[in-house]
Structures are given as structure tokens and as C-alpha cells.
Asker: 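Have a look at this one.
Values in this document were obtained by computation on a predicted structure and should not be read as measured data. First the proteins, then the strands, lettered A, B, ... as listed; each starts at 1.
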Amino acid sequence: MKVAYVDPFVRAARDVFKLMMDLETHRGELWACDELIPSKEASVVIGVTGDLLGSILYSFPKEMTLKMVEIMSGMALEELDSFVASALGEVANIISGNAMTHLNTNNYNCNIVPPQIIIGQNVSLSMATPRALVVPLKTRIGDFDIFLTLTER
Amino acid sequence: MMWKEKYRIGVDLIDDQHRELFQRVSDFLQSVQQKGDWEQKTDKVKETLEFMQNYVVEHFEDEEAYQRQIKYPEYEEHKEIHAKFRAMINQYAVRFEEEGFTQELVQEFGGKLMTWLIMHVAASDQKIGAWVREQGGEGQ
């Protein structure tokens, strides 16, 4: 897993958060972990196919997730229900789609598969994955993690 | 309220429709998310959903006609994005027919609809305004 694959996702997350929620994101220190396990309560897994193979896991704290969807919808929200989960999945989907565009301009032709939303922490995804790189991103409404396991085909 | 002034593209016809569309989606989401017995709300949800679906289609048609009128260079790409969105709406219409208007499915649809609309208006549609301004036409 090359560190160079991380940048397109960080850029895409920064742009999408700014555009959709008027939020700045600040990158924390990169770390590696052995498994793809949701670190926070609301997560989205997106598979990557093409020149790069693997998965991306976005993991958000509950309060941050509710706040994100509140900013977009203008409504007060209390639960991680299907509406919130679906909106979160789409935000992750849009970030991943934009990251694919950045990767394509670097001559990696990749596609994403539809998002899978996971509610709950430390849920095993039963996926045999190589080591993941984790990039923490900080915002004024909370901090979230992007786990990446991408290998060249 | 979902609408933000930064979503304006500087073309009154489009901006008015976008504001209306955001209002409709916002009302729809509020009726979906309102507490209370789901069964008692389904008629209202169904009605709002149908109205909104029609409004989306009408808006796309008007926006595409406007793009043709101003000879917008990304017309084909933009039309394709609209077509994909219509296909998504149609897929949900089939699922509603088959699975019923369950709270879970309607909420899932609501989440997709809201994020798509925000992203489309905040990103793709802004390019229309930029083109009009480049041509020295109406706009801020």
C-alpha cells in the first residue's frame, strides 16, 4: 500500500466537505493497522476495482454523523436511521468517486462499487485484507478516519 | 432549510427552480423524518414523493432547454448526469411498487436524493453560471 494513494482521498474529502457542508478538514498523522475494523460508530465501506484493488473504509463518530446530515438537511436529527445512513453512504461515495477521478489523472484507472453502510463499532468485516493505512481527518464538528487497503493489480 | 445562497448560479430561471426544488425536498424529508406512526404518514409521503418526482423531471427539461439555448458546451455530459439521476428515481419507484413504502426504503431514498441534489447544484450546475458569465451574459 503506497502512501501516494492516500492523497487523492484526502483531497477529495477536503473538497466534498467544503462544498457540501462548508467544513474545513485537517489531516492528522498517518498510521498503519492490520485489519479493516470500524474505529467509530458509523462507517461506510467502498470497494475499488481496476488498476488498484482493495477497499476504503470511512469511519465517523455518531455525533459527527448526525451533525453532518443536520448541516445538509437543515433538520435536527437524533438517530442513526436509514436516512442518516443513506446520506452518509452517499457522502463517502461522492468522496470516493472524486478520488477515482484524481487517480485516473495519475493513470490509475479505477472504479468503485456501491457503498455498504455499517452501524456499530469494532464490527469485523470478515475481509481478508492486507495492512491498511489510516488517515485521520479533523473537522470542527468531529474527527473521522479513512482506512485504505489498495494494491496494484 | 437546505437552500444556501452560495448555490445560486446567477441565472434567475434556474435559481428559482433550484430554490423551489430544495424546498420540496426539504418538505419531503421533514414529512419522512417527523415522529409518529409511519402508516398514518404514508399517504402524505406518497403524494409529496410523486409531486417532487414530477418537479425534478420538469426542472431537468427546463434546464436542458436553457443549456441548448445558450449553447452550453457541456450539455451532453450534463444531460447524461440528469439521465442517471432519473434512472435512480425510476429504480426506487420500482422498489416502492414491489416492497411497499416502508419507512426504511423511503428514508434511504431521501438520503440519496438530498446528497445528490446538493452535490449537483453546488458543483455541476455552477459550471452553467460560469459559462454564462464567460459569455458576458446574465449573472453576478
Asker: Just checking, is any N or O donor in the side chain of B/His82 or B/His59 under 3.5 Å from an acceptor N or O on the other one?
Answerer: no
Asker: Below 4.5 Å from any heavy atom of chain A, which atoms of B/Gln103 appear? Answer side chain, backbone, both or neither.
Answerer: neither
Asker: Which atoms of B/Gln33 come close to chain A, meaning under 4.5 Å heavy atom to heavy atom: side chain ones, backbone ones, both, or neither?
Answerer: side chain
Asker: Does any backbone or side-chain atom of B/Met119 lie under 4.5 Å from a heavy atom of chain A? Answer side chain, backbone, both or neither.
Answerer: both
Asker: Heavy atoms under 4.5 Å from chain B: which residues of residues 71-83 of chain A carry them?
Answerer: A/Ile71, A/Met72, A/Ser73, A/Gly74, A/Met75, A/Leu77, A/Glu78, A/Asp81, A/Ser82, A/Phe83
Asker: Would you find a donor on one side and an acceptor on the other, under 3.5 Å apart, between the side chain of A/Ser59 and the backbone of A/Lys40?
Answerer: yes
Asker: Answer yes or no: is there a donor N or O on one side and an acceptor on the other, between the side chain of B/Trp3 and the main chain of B/His18, under 3.5 Å?
Answerer: no
Asker: Only counting residues at least two apart or in another chain, list the ones meeting salt bridge (charged side-chain N to carboxylate O under 4.0 Å, His left out) with B/Lys41.
Answerer: none
Asker: Which residue pairs pass the ring-ring contact (aromatic ring centres under 6.0 Å, His included) test with at least one member in residues 33-68 of chain A, sequence neighbours excluded?
Answerer: A/Phe60-A/Phe144
Asker: Taking A/Asp51 for its side chain and A/Cys110 for its backbone only, find out whether a donor-acceptor pair lies under 3.5 Å.
Answerer: no
Asker: Is there a path from B/Val57 to B/Phe22 through hydrophobic residues (I, L, V, M, F, W, Y) whose side chains come within less than 4.5 Å of each other?
Answerer: no
Asker: Could you pull out all residues at least two apart from A/Arg11 that satisfy side-chain contact (heavy atoms from CB on, under 4.5 Å)?
Answerer: A/Arg14, A/His102
Asker: Determine the option with the most heavy-atom pairs under 4.5 angstrom with chain B, choosing from A/Asp15, A/Leu88, A/Ile94.
Answerer: A/Ile94
